[in-house]
Engineer: 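My questions will all concern the structure given below.
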Amino acid sequence: MGLVSLTVTHAAADEMQLPPEACAGMTAPAEENHASIRLDLSTTDAKLAVDQHGKIPLSGVLHKKATMVDVSVGHVTTKDFTIGPPPDDVAAWASSWQASLRPAQLGPNLVCARAERDPKRTARVLRSVDIVDLLPPSDVSGLAVGAVTDSTAKVTWGAATDNYGLAGYEVRVDGGAPHRTTAGTRTYSITGLKPATDHTVSVVAVDLAGNTSKSPATASFRTKAPPPPPNPDAELAFVPEEGGATATWHPDPSQDVTYKVTLDGTELDSFDLDRYCQDADGKPADPCTAKSVISYPIEPLEQGTPYTFQVEAVGADGKQARGFSGDFTTTVANPEVDPATTQLSASEASQCAVQGGDFYVAADARAVVKIPGGSTQLFPGCYRTPDSSCIDAFLPPSGEKILKCADDVTKLLYDVAPPGRGPVISGLKDGTGAAFAPSPVIEPVAWCIEGGCTTLLAPVEETVEVVATAELATATTAWVVVAAEGIGLGIALWALLEILFPGEIAIGGLLEYPIHYNDDFDTFDNWGADDGDWYNSLKVYAEVIRVTQQVAGRDGLPFAWDDTEDARLKRLIDQACTAQRGSQGIAGCDENVTVYVPGGQNYKFKPMPETGTHIVAAMGNGSYPQPPARSQWFYPARSQGGQAAQSKGYRRNWFDTDVRFQPNSCQGRQRGKTCDEFPFWSTNQAVDLSGLVADLKPVPNTESLPQGSDISAFYSKCKVKDTDRFIVLPIKPWVEANGPSFGFHVSPGGASMCMTPTP
């Protein structure tokens with residue numbers, strides 16, 4: 001379920017098309033009091049091409065005693081006219097009139113022209129017209145290839161122009177299949193190339209009519225030779241990951257006493273020789289010898305970012321005994337949805353909307369979406385239905401209403417909606433077990449551009465990504481409601497739920513709501529508790545239950561829900577949602593929130609059991625946080641690079657160096673242990689920024705990078721930008737079962753995974 005707030009609609013097929021409001025009640029071709037005004041369009045379908053400004057010319061004849069009122073094409077109206085002498089073949093009783101306007105969409109349209117001859121008497125003419133765009137966009141300029149490696153390259157180019165509007169760009173590598181981007185995306189990353197090979201890339205612009213540039217822009221490049229294998233005997237080596245890196249070097253116990261390390265010129269840490277010293281088996285070395293290895297974890301770091309790391313070995317006299325440095329670049333987490341898929345759906349949906357398509361089906365959803373009978377395909381995935389009149393009649397929406405729709409688009413929305421007409425609870429992409437919905441779960445979104453709208457149907461994970469690109473695609477988007485009683489347009493969520501579920505349910509929170517871990521969330525139909533106050537909390541609950549059950553079944557984890565843990569989860573969600581709303585007592589979650597669930601392993605199944613246990617303990621060990629003020633830690637905001645703490649003067653190893661926070665549980669920790677802190681350093685609650693000192697616990701050095709990569713991947717995969725807030729939901733039995741971390745979005749349409757546990 002979700003909401004829609006659209007700016008304008010499009011024309012349906014000609015026989016079902018609704019005339020502009022000025023000609024309401026008329027059916028083309030039709031004239032009333034035509035002696036007062038004439039429109040120079042055939043009474044049969046005519047074609048008009050937009051000009052270099054994206055406008056269509058309209059003209060006709062006007063009685064000299066009449067006054068032009070307006071001319072409309074769909075919902076676009078103009079009152080700007082040029083009045084001139086009559087045409088040669090028309091008597092002197094008339095004048096000519098001319099106007100031009102930019103139509104809201106291409107394809108079938110209705111033109112309405114009005115004139116007034118006597119007070120309160122209006123003459124009207126209604127005609128059908130097929131509007132086309134025959135002018136291609138300009139050629140692409142400024143094509144360049146950079147960031148070339150042995151297997152990748154990045155292509156950039158300048159913006160093209162078009163008389164009516166761009167849908168995007170098509171990129172071809174070595175003459176292969178085209179890769180589409182949106183109009184606002186003028187970069188493309190090429191991957192999977194062979195080292196030391198020559199390649200050619202070309203780019204054309206594609207406009208909203210599907211026309212392409214006359215001449216493609218081209219560029220050639222050669223990939224680099226493969227890098228030499230790392231030298232195991234090098235003084236300083238790095239193993240980069242998504243959210244950090246491991247730096248290793250050999251100690252010299254004869255002169256090294258302590259090490260001081262810096263990152264990009266800023267002192268990062270200072271530690272004794274044996275703190276991070278390991279033997280050949282990766283265990284703490286005792287004693288630390290020249291054959292041992294110093295293995296230092298550097299985290300948290302930003303993904304895909306170059307860093308310079310320096311080591312200064314200090315002797316017993318306090319002077320530098322030796323020093324060395326090196327560079328590395330952190331890796332990037334694979335996106336949950338291929339960006340090329342997102343770009344293609346957004347670009348082609350824009351094109352479909354402007355060409356009068358009633359719905360567009362993304363490539364990954366076409367196998368499971370049944371196309372309504374009689375539909376016309378405008379291009380692959382884009383269709384016009386025989387009947388979209390019910391929804392068209394109420395677009396753009398005015399006020400709050402529920403429509404009892406029965407047209408083809410409405411039926412299509414019902415067909416792809418969950419059986420219980422509740423929110424989409426996606427779980428993993430590939431459902432496991434008969435209890436779960438088959439993949440993909442389809443989500444509808446209203447996609448509007450240039451005044452035209454279409455219903456985009458895509459797997460839920462893709463839909464979330466497509467909506468996130470709306471601004472770059474120069475589109476405005478909104479959710480379409482699929483509900484048991486009809487299609488809701490422009491209606492407040494609480495009002496919609498009140499209509500759908502009028503029975504009063506007296507509850508004080510999710511804990512008391514009659515939903516359980518063994519419910520079938522695909523058919524559970526009462527999601528409207530307390531006029532929607534708990535609606536989003538229920539989505540959080542259902543997604544957590546579904547994902548944990550699926551992962552446990554898929555990967556054989558010793559985990560299962562029972563009544564006790566079910567009640568604890570509900571209480572935990574109530575606390576987290578209350579923190580998210582900034583309320584006192586108990587409050588339900590707001591929508592458009594992202595949730596991070598830490599585990600005993602990170603999302604790539606790298607062990608971090610003590611780190612996961614620490615987060616759980618810091619937040620009440622399955623009960624209420626103590627002191628209660630820690631509840632705010634459920635809802636931190638990202639601080640990129642830990643800038644929130646650094647701007648207050650704190651260093652990364654504040655727990656070792658700042659006397660204001662000593663003594664603490666990390667002081668005097670054993671060799672092989674690092675200090676884990678919660679809230680995370682990369683949030684606005686680090687150190688004591690929340691008003692409370694962060695909770696500290698020594699954990700094995702081997703858990704430092706898995707946690708750093710986990711939270712970094714969460715930020716990246718779940719699109720958590722700097723200063724964005726998110727929920728941390730530590731679930732004790734999940735960590736105890738060594739379950740992996742995961743992340744998901746809660747949106748008007750439901751809940752969808754954005755960081756999937758991937759063995």
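The first residue of the sequence shown is numbered 1, and numbering continues consecutively from there.
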Engineer: If you measure from CD on Glu462 to OG1 on Thr341, what distance do you get to the nearest 0.5 Å?
Structural biologist: 5.5 Å
Engineer: Using modelled atom types and a 3.5 Å cut-off, is there a donor and acceptor pairing between side-chain atoms of Ser138 and backbone atoms of Thr161?
Structural biologist: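 Present.
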Engineer: Determine whether a donor-acceptor pair (N or O, by modelled atom type, separation under 3.5 Å) exists between the side chain of Ser95 and the backbone of Ile83.
Structural biologist: no
Engineer: Say whether Asp358 and Thr385, considering side chains only, have a donor N or O and an acceptor N or O under 3.5 Å apart.
Structural biologist: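 A pair is found: one side chain offers a donor N or O, the other an acceptor, under 3.5 Å apart.
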Engineer: Is atom CD of Gln377 surrounded by more than 12 heavy atoms (other residues, nucleotides or ligands) closer than 6.0 Å?
Structural biologist: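 More than 12 within 6.0 Å, yes.
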Engineer: Looking at side-chain heavy atoms only, is the closest gap between Val368 and Ile442 below 4.5 Å?
Structural biologist: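 Side-chain contact under 4.5 Å: yes.
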Engineer: Please find the pair of heavy atoms, one from Thr182 and one from Leu472, that lie closest to each other, and give the distance.
Structural biologist: OG1-O, 3.8 Å
Engineer: Can you see which heavy atom on Cys23 is nearest to which on Leu126, and at what distance?
Structural biologist: CB-CD1, 3.9 Å
Engineer: Under the side-chain contact (heavy atoms from CB on, under 4.5 Å) test, which residues partner Arg117, sequence neighbours left out?
Structural biologist: Ser36, His63, Lys65, Ala66
Engineer: For the atom pair CG (Leu457) and CG (Leu413), what is the distance rounded to the nearest 0.5 Å?
Structural biologist: 6.5 Å
Engineer: Would a 4.5 Å heavy-atom cut-off, applied to side chains only, mark Val171 and Val201 as touching?
Structural biologist: yes
Engineer: Can you measure from SG (Cys453) to CH2 (Trp447) and round to the nearest 0.5 angstrom?
Structural biologist: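 One finds 11.5 Å between SG of Cys453 and CH2 of Trp447.
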Engineer: Only counting residues at least two apart or in another chain, list the ones meeting side-chain contact (heavy atoms from CB on, under 4.5 Å) with Glu465.
Structural biologist: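 Glu465 satisfies side-chain contact (heavy atoms from CB on, under 4.5 Å) with Val337, Thr342, Lys719 only.
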Engineer: Do Leu48 and Leu58 make a side-chain contact, defined as non-hydrogen atoms from C-beta onward lying under 4.5 Å apart?
Structural biologist: yes
Engineer: Please check: side-chain N/O of Asn109 versus main-chain N/O of Val73, any donor-acceptor pairing under 3.5 Å?
Structural biologist: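 No, because the side chain of Asn109 does not come within donor-acceptor range (under 3.5 Å) of the backbone of Val73.
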Engineer: Using atom types as modelled and distance alone, determine if a side-chain donor or acceptor of Glu591 lies under 3.5 Å from a backbone N or O of Val746.
Structural biologist: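 The answer is no, because no donor-acceptor pair under 3.5 Å joins these two groups.
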Engineer: Between Phe379 and Glu348, is a side chain to side chain contact (heavy atoms under 4.5 Å, CB included) present by the stated rule, with each step listed?
Structural biologist: CA-CA 9 Å; Phe379 59 84; Glu348 289 195 341; 4.1 Å; yes
Engineer: Flag yes if more than 12 heavy atoms outside Arg366 fall under 6.0 Å of its CZ atom; otherwise flag no.
Structural biologist: yes
Engineer: Do the non-hydrogen side-chain atoms of Cys754 and Thr594 ever get within less than 4.5 Å of each other?
Structural biologist: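 They are in side-chain contact.
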Engineer: Treating Arg172 as the side-chain partner and Val204 as the backbone partner, does any N or O pair qualify as donor plus acceptor under 3.5 Å?
Structural biologist: no
Engineer: Quick one: NZ on Lys55 to OG1 on Thr78, what's the gap to the nearest 0.5 Å?
Structural biologist: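 Lys55 atom NZ to Thr78 atom OG1 measures 7.5 Å (nearest 0.5 Å).
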Engineer: Is it true that a side-chain atom of Trp97 and a backbone atom of Leu39 form a donor plus acceptor pair closer than 3.5 Å?
Structural biologist: no
Engineer: Would a distance-only check, ignoring hydrogens and angles, find a side-chain to backbone donor-acceptor pair under 3.5 Å from Ser213 to Ala205?
Structural biologist: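 Yes, the answer is positive, given that a donor and an acceptor are paired below the 3.5 Å cut-off.
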Engineer: In the structure I gave you, are the side-chain heavy atoms of Tyr360 and Gln351 within less than 4.5 Å of one another anywhere?
Structural biologist: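 SC-SC contact between Tyr360 and Gln351 ruled out.
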Engineer: How far apart are the C-alpha atoms of Met68 and Ile37, what are their side-chain angles, what is the distance that settles it, and do they pass the side chain to side chain contact (heavy atoms under 4.5 Å, CB included) test?
Structural biologist: CA-CA 8 Å; Met68 287 293 296; Ile37 183 173; 3.6 Å; yes
Engineer: Taking the ring of Trp157 and the ring of Tyr169, is the distance between their centroids below 6.0 Å?
Structural biologist: yes
Engineer: Just so I know, are the side chains of Asp133 and Asn163 near enough to count as touching, which here means a heavy-atom distance under 4.5 Å?
Structural biologist: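 The answer is yes, as the side chains (C-beta and beyond) meet within the 4.5 Å cut-off.
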Engineer: If you take all heavy atoms of Gln355 and Gly210, which pair is closest and at what distance?
Structural biologist: NE2-N, 3.8 Å
Engineer: Is any side-chain heavy atom of Pro386 less than 4.5 Å from a side-chain heavy atom of Ser375?
Structural biologist: yes
Engineer: Which heavy atom of Ala346 sits nearest to which heavy atom of Thr469, and what is that distance?
Structural biologist: CB-OG1, 3.6 Å
Engineer: Does the side chain to side chain contact (heavy atoms under 4.5 Å, CB included) test come out yes or no for Arg102 and His53, once each step is laid out?
Structural biologist: CA-CA 8 Å; Arg102 179 186 178 84; His53 303 294; over 6 Å; no
Engineer: Do Asp387 side-chain atoms and Asp408 backbone N/O form a donor-acceptor pair below 3.5 Å?
Structural biologist: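 No.
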Engineer: Going by the rule ring-ring contact (aromatic ring centres under 6.0 Å, His included), which residues pair with Tyr164 if we only count those two or more places apart in sequence or in a different chain?
Structural biologist: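 Result, ring-ring contact (aromatic ring centres under 6.0 Å, His included) vs Tyr164: none returned.
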Engineer: Report the C-alpha separation of Thr455 and Leu412 in whole Å, then their side-chain angles, then the decisive distance to 0.1 Å, and conclude whether the side chain to side chain contact (heavy atoms under 4.5 Å, CB included) test is met.
Structural biologist: CA-CA 10 Å; Thr455 299; Leu412 179 64; over 6 Å; no
Engineer: Ignoring hydrogens and angles, tell me if any N or O in the side chain of Ser347 forms a donor-acceptor pair with the backbone of Ala167 under 3.5 Å.
Structural biologist: yes
Engineer: Can you say whether the rings of Phe359 and Tyr383 are parallel (under 30°), tilted (30 to 60°) or perpendicular (over 60°)?
Structural biologist: parallel
Engineer: Should we say atom CG of Asp80 is surrounded by more than 12 heavy atoms from elsewhere, each under 6.0 Å from it?
Structural biologist: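 Counting other residues, nucleotides and ligands, CG of Asp80 stays at 12 neighbours or fewer.
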Engineer: Give the minimum heavy-atom separation between Leu456 and Ala458, together with the two atoms involved.
Structural biologist: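 That closest heavy-atom pairing would be CD2-CB, 3.7 Å.
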Engineer: Do Ser426 and Glu443 make a side-chain contact, defined as non-hydrogen atoms from C-beta onward lying under 4.5 Å apart?
Structural biologist: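 No; the side chains remain at least 4.5 Å from each other.
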Engineer: Please find the pair of heavy atoms, one from Ala22 and one from Arg114, that lie closest to each other, and give the distance.
Structural biologist: CB-NE, 3.4 Å
